Amino acid sequence: ETLSLRVERHCQNANALAAWLDKNDKIEWVSHPSLEQHESHALAKKYFRKDCYGAVLSFGVKGGKTASTQFVDSLKLASHLANVGDAKTLVIQPSATTHQQLS
């Protein structure tokens with residue numbers, strides 16, 4: 001099968017996206033083990049395969065929930081779904097979906 005190749009590509013894409021978001025002045029924070037400032041970067045580098053830090057990342061948009069909603073609504077290549085595990089590129093905004101009742 002091609003699963004190992006697909007996972008490797010997912011990880012590469014997440015690494016590149018995390019690095020790009022980390023340099024973007026509209027982003028407040030990024031959490032992905034590929035980033036040197038991540039609290040688990042050293043452990044991930046030690047235990048994970050080279051450059052395979054996982055395909056999931058999280059980040060915060062400056063400006064809070066309103067700015068985050070505008071950001072998500074403007075996306076063209078990612079789907080706004082709370083359906084983790086899909087083959088699509090997904091964006092989940094917990095404050096507007098899964099954790100809405102907590103705000």
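Predicted model, so just to flag it, every value in this text is computed and none were measured.
With sequence neighbours left out, Leu3 forms a side chain to side chain contact (heavy atoms under 4.5 Å, CB included) with Arg6, Val7. Qualifying side chain to side chain contact (heavy atoms under 4.5 Å, CB included) partners for Gln12, counting only residues two or more places apart in sequence or in other chains: Glu8, Arg9. Partners of His10 by ring-ring contact (aromatic ring centres under 6.0 Å, His included), not counting sequence neighbours: none found. Applying the side chain to side chain contact (heavy atoms under 4.5 Å, CB included) test to Ser58 and every residue at least two apart in sequence or in another chain returns Trp29, Ser31.
Residue Gly60 comes nearest to Ile27 through the heavy atom pair O-CG2, 3.3 Å, listed as atom of the first residue, atom of the second, then distance. Among all heavy-atom pairs drawn from His32 and Ala14, the shortest one is NE2-CB, 3.7 Å.
In this structure, Leu75 is a member of the same hydrophobic cluster as Val30, with clusters built from ILVMFWY side-chain heavy atoms closer than 4.5 Å.
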Can you give the donor-acceptor pairs under 3.5 Å from side chains of residues 46-54 to other protein atoms, not counting sequence neighbours?
none

Going by atom type alone, with no hydrogens or angles, which donor-acceptor pairs under 3.5 Å involve a side-chain atom of residues 18-25 and a protein atom two or more places apart or on another chain?
unit_1 : atom_1 : unit_2 : atom_2 : d
Asp22  : OD1    : Gln37  : NE2    : 2.9
Asp22  : OD2    : Gln37  : NE2    : 3.2
Asn24  : OD1    : Lys26  : N      : 2.7

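Other residues, nucleotides and ligands place no more than 12 heavy atoms under 6.0 Å from the NZ atom of Lys45.
The hydrophobic cluster around Leu5 extends to none of the other residues, as no ILVMFWY side-chain heavy atom falls under 4.5 Å of it.
To the nearest 0.5 Å, atoms OG1 (Thr69) and CG (Asp73) are separated by 6.5 Å.
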